[in-house]
Amino acid sequence: MTHLIIGVTGQDGSLLAEKLIGEGEKVIGTFRRGGDYGNNDKAWRLDELKIKNLISLEPLDINDIFHFQKLIIKHNPDIIYQLAGNSFVGDSFEAPQSTLATNINSTINILETIRSLNMNTKVFFASSSEIFDSSTFEVKNETSKMEPLNPYGISKLTVYHLVKMYREAFGLKVSTGIFFNHESPFRARNFVCRKISYNIARLKVSGGPSFSLGNIDMKRDWSSAEDFVDGICLIVKKPGDYVLSSGNLTSVRSLLIEAARHAGFEPKFKGEGLKEVCYDAITGKVLMTISEKYYRKIDTPGLMGDSEKLEKSTGWKKTKGINQVICQMVEKDINRIKNKI
Ligand code: G4F
C-alpha cells in the first residue's frame, strides 16, 4: 500500500513513517514547500531515525489545492495522514489568522480533492483535546461538549466538524483523532516536556544557566506519541472520530521532578509565585526559575480524556506512562548532547 504522510518531518509524522517503513510499506512524505529539508534542521528526526532515504520526500504547500492535487494524481495513495499545520497553542494567540487559515484550508483541500476525484482513499486528520469545553472537569469523550478557548482549538474544532460532515454527507472514509498531549524524544523543544528533558540533560552534561518555565502547576493528560501512532494505524481501518488519551492528569512540576531525578539531581523547590525556583539539593545549583513570559493569556485547565471508544472498537492499548516517556526523553537528550547530535 502507498501511504502519504503530510508533515512527515514532525514528531508524529516521523514516528508514523518509521512504523510503516518497518512494516514494509511504501511511504511518501511531504515537507513544507520553501524549506530545504536537506540543508537545515527540518529533517533531523528522519535523519536520527535513519529513514530519510527510505521515504519519497515531496515539497508541498498544503494551502494550494492545485499543488496538492498534482501530488495526489502522481502518487495515488491508499491512505493519507494529515499531520501538518500549526500546533503550538501559545503561538496561536499571536498568529490567529494564519493558524485558522492553515489548519482549516488544508482540511478542505484534502476533503474536496478526495470527493471531487471520486477517490476511495482513507484519510486521517489530527484534531486536539483543545476543542473541549474546559469549564467542567468531567472526563472528555467523543460526545462531550466542545467549546475551545484559543485560536488553535477553534481551528481544530472546525477540522473535526468538516471531517464528520464529509464522512456523513458524502460517505468518505475519513477520520479524526482527538489527541490529548503526547510526547517522545522527537518532540519540538518549545513544548514543555521536551523543554524540560533538553534543559535537564544540558544542565547534567554541560552545566550552564538555569532555564525558565511558566505555570508549573498546570496539568495535562499526557501519553506516549508512539502509542498514538499505533492508534492512528488502527483508526484508519475503522473510520470515525476517536479520543486518544491516557486518562490521567500529571502536573508540569511533577514531570520536572521526574526528569531531574532521572538525570541524577535531587530537585527541591523554594520561593513562591514568580520567585519560585527549583534547585539541586546536592550542589545547591538552581535548575529552573519561573518566567511570566511563558504564562499563557488563557491556559486551558487540565482535562482528562476517555479512550474507551478506541479501545473497544479497535483493541488499542497504551503501553507507556508519561513518567517512563520523560525518562526516555532525558536519556535521549543526554546522548544527543554528549554526541553533539
Ligand atoms: O507542552 P505544551 O506547550 O502543550 P499544550 O499547550 O497542552 O499543547 C499540546 O497538546 C495539545 C493537546 O494534545 C495539542 F493540541 C497541541 O498541539 C500540543 O501538542 O504546554 C503544556 C502545559 C501548558 O499548560 C503550559 O502553560 O505546560 C505549561 N507550561 C508551563 N511552562 C509550559 C511552559 N508550556 C510551554 N510550552 N513552555 C513553558 O515554558
Side-chain angles (χ1 to χ4, degrees), residues 7 10-13 15 82-95 99-100 102-103 125-132 134 140 144 146 148-160 176-184 186-200 210-225 227-229 231-232 242-257 259 273-274 276-278 287-305 307 322 325-326 329:
Q11 167 184 260
D12 298 349
L15 290 173
Q82 160 51 341
L83 303 174
N86 292 4
S87 62
F88 193 47
V89 178
D91 266 0
S92 76
F93 286 104
E94 304 308 320
T99 303
L100 288 160
T102 305
N103 291 351
F125 293 86
S127 184
S128 163
S129 59
E130 291 288 329
I131 68 177
F132 288 118
S134 50
K140 307 295 175 190
S144 298
M146 295 171 183
L149 283 181
N150 51 63
Y152 170 79
I154 294 168
S155 75
K156 289 295 184 178
L157 181 56
T158 309
V159 170
Y160 164 85
T176 300
I178 305 171
F179 286 162
F180 280 67
N181 298 53
H182 51 292
E183 311 296 319
S184 78
F186 296 95
R187 191 58 142 150
R189 275 198 231 156
N190 49 348
F191 294 95
V192 78
C193 283
R194 180 79 201 293
K195 187 171 172 185
I196 292 173
S197 73
Y198 171 77
N199 281 291
I200 289 293
S210 58
F211 68 105
S212 300
L213 293 174
N215 187 346
I216 58 172
D217 291 314
M218 288 310 296
K219 292 182 178 166
R220 287 287 184 268
D221 176 328
W222 266 295
S223 296
S224 146
D227 283 349
F228 280 17
V229 161
I232 294 172
Y242 299 90
V243 164
L244 291 94
S245 64
S246 74
N248 298 305
L249 273 185
T250 309
S251 68
V252 174
R253 182 188 296 273
S254 132
L255 290 179
L256 172 62
I257 295 172
L274 294 177
E276 187 172 17
V277 299
C278 172
L287 304 173
M288 187 254 4
T289 60
I290 302 290
S291 167
E292 210 170 356
K293 185 168 121 189
Y294 298 112
Y295 272 70
R296 304 251 165 105
K297 287 191 177 58
I298 307 176
D299 209 342
T300 315
L303 300 176
M304 259 191 314
S307 296
I322 192 60
V325 176
I326 194 95
M329 292 169 74

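Residue numbers count from 1 along this sequence. Note that ligands are numbered from 1 as they come in the structure, with each ligand's atoms numbered from 1 the same way.
Residues forming a salt bridge (charged side-chain N to carboxylate O under 4.0 Å, His left out) with R253 (at least two apart in sequence, or on another chain): D217, E276. Remark: F125 pairs with no residue by the ring pair (Phe, Tyr, Trp, His ring centres under 6.0 Å) rule, at least two apart or across chains. By the ring pair (Phe, Tyr, Trp, His ring centres under 6.0 Å) test, F191 is found to be paired with F88, residues two or more places apart in sequence or in another chain being considered.
Side chains of F228 and F179 form a contact here, defined as non-hydrogen atoms less than 4.5 Å apart.
In this model, a donor atom of one side chain and an acceptor atom of the other lie less than 3.5 Å apart for S212 and T289. Defined by atom type and a distance below 3.5 Å, a donor-acceptor pair is present between the side-chain atoms of S307 and S245.
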Exercise answer, ligand 1 polar atom pairs (N/O) under 3.5 angstrom:
{"unit_1": "ligand 1", "atom_1": "1 (O)", "unit_2": "V192", "atom_2": "N", "d": "2.9"}
{"unit_1": "ligand 1", "atom_1": "3 (O)", "unit_2": "R296", "atom_2": "NH2", "d": "2.9"}
{"unit_1": "ligand 1", "atom_1": "4 (O)", "unit_2": "N181", "atom_2": "ND2", "d": "3.4"}
{"unit_1": "ligand 1", "atom_1": "6 (O)", "unit_2": "R296", "atom_2": "NH1", "d": "2.8"}
{"unit_1": "ligand 1", "atom_1": "6 (O)", "unit_2": "R296", "atom_2": "NH2", "d": "3.3"}
{"unit_1": "ligand 1", "atom_1": "7 (O)", "unit_2": "N181", "atom_2": "ND2", "d": "2.8"}
{"unit_1": "ligand 1", "atom_1": "7 (O)", "unit_2": "R220", "atom_2": "NE", "d": "2.7"}
{"unit_1": "ligand 1", "atom_1": "10 (O)", "unit_2": "N181", "atom_2": "OD1", "d": "3.4"}
{"unit_1": "ligand 1", "atom_1": "10 (O)", "unit_2": "N181", "atom_2": "ND2", "d": "3.1"}
{"unit_1": "ligand 1", "atom_1": "13 (O)", "unit_2": "F179", "atom_2": "O", "d": "2.9"}
{"unit_1": "ligand 1", "atom_1": "13 (O)", "unit_2": "F180", "atom_2": "O", "d": "3.1"}
{"unit_1": "ligand 1", "atom_1": "13 (O)", "unit_2": "N181", "atom_2": "N", "d": "3.1"}
{"unit_1": "ligand 1", "atom_1": "17 (O)", "unit_2": "S87", "atom_2": "O", "d": "2.6"}
{"unit_1": "ligand 1", "atom_1": "17 (O)", "unit_2": "Y152", "atom_2": "OH", "d": "2.8"}
{"unit_1": "ligand 1", "atom_1": "19 (O)", "unit_2": "R187", "atom_2": "NH2", "d": "2.8"}
{"unit_1": "ligand 1", "atom_1": "20 (O)", "unit_2": "R296", "atom_2": "NH2", "d": "3.4"}
{"unit_1": "ligand 1", "atom_1": "24 (O)", "unit_2": "R220", "atom_2": "NH2", "d": "3.1"}
{"unit_1": "ligand 1", "atom_1": "24 (O)", "unit_2": "D299", "atom_2": "OD1", "d": "3.1"}
{"unit_1": "ligand 1", "atom_1": "24 (O)", "unit_2": "D299", "atom_2": "OD2", "d": "3.1"}
{"unit_1": "ligand 1", "atom_1": "26 (O)", "unit_2": "D299", "atom_2": "OD2", "d": "2.5"}
{"unit_1": "ligand 1", "atom_1": "31 (N)", "unit_2": "G214", "atom_2": "N", "d": "2.8"}
{"unit_1": "ligand 1", "atom_1": "36 (N)", "unit_2": "N190", "atom_2": "O", "d": "2.8"}
{"unit_1": "ligand 1", "atom_1": "39 (O)", "unit_2": "K195", "atom_2": "NZ", "d": "2.7"}

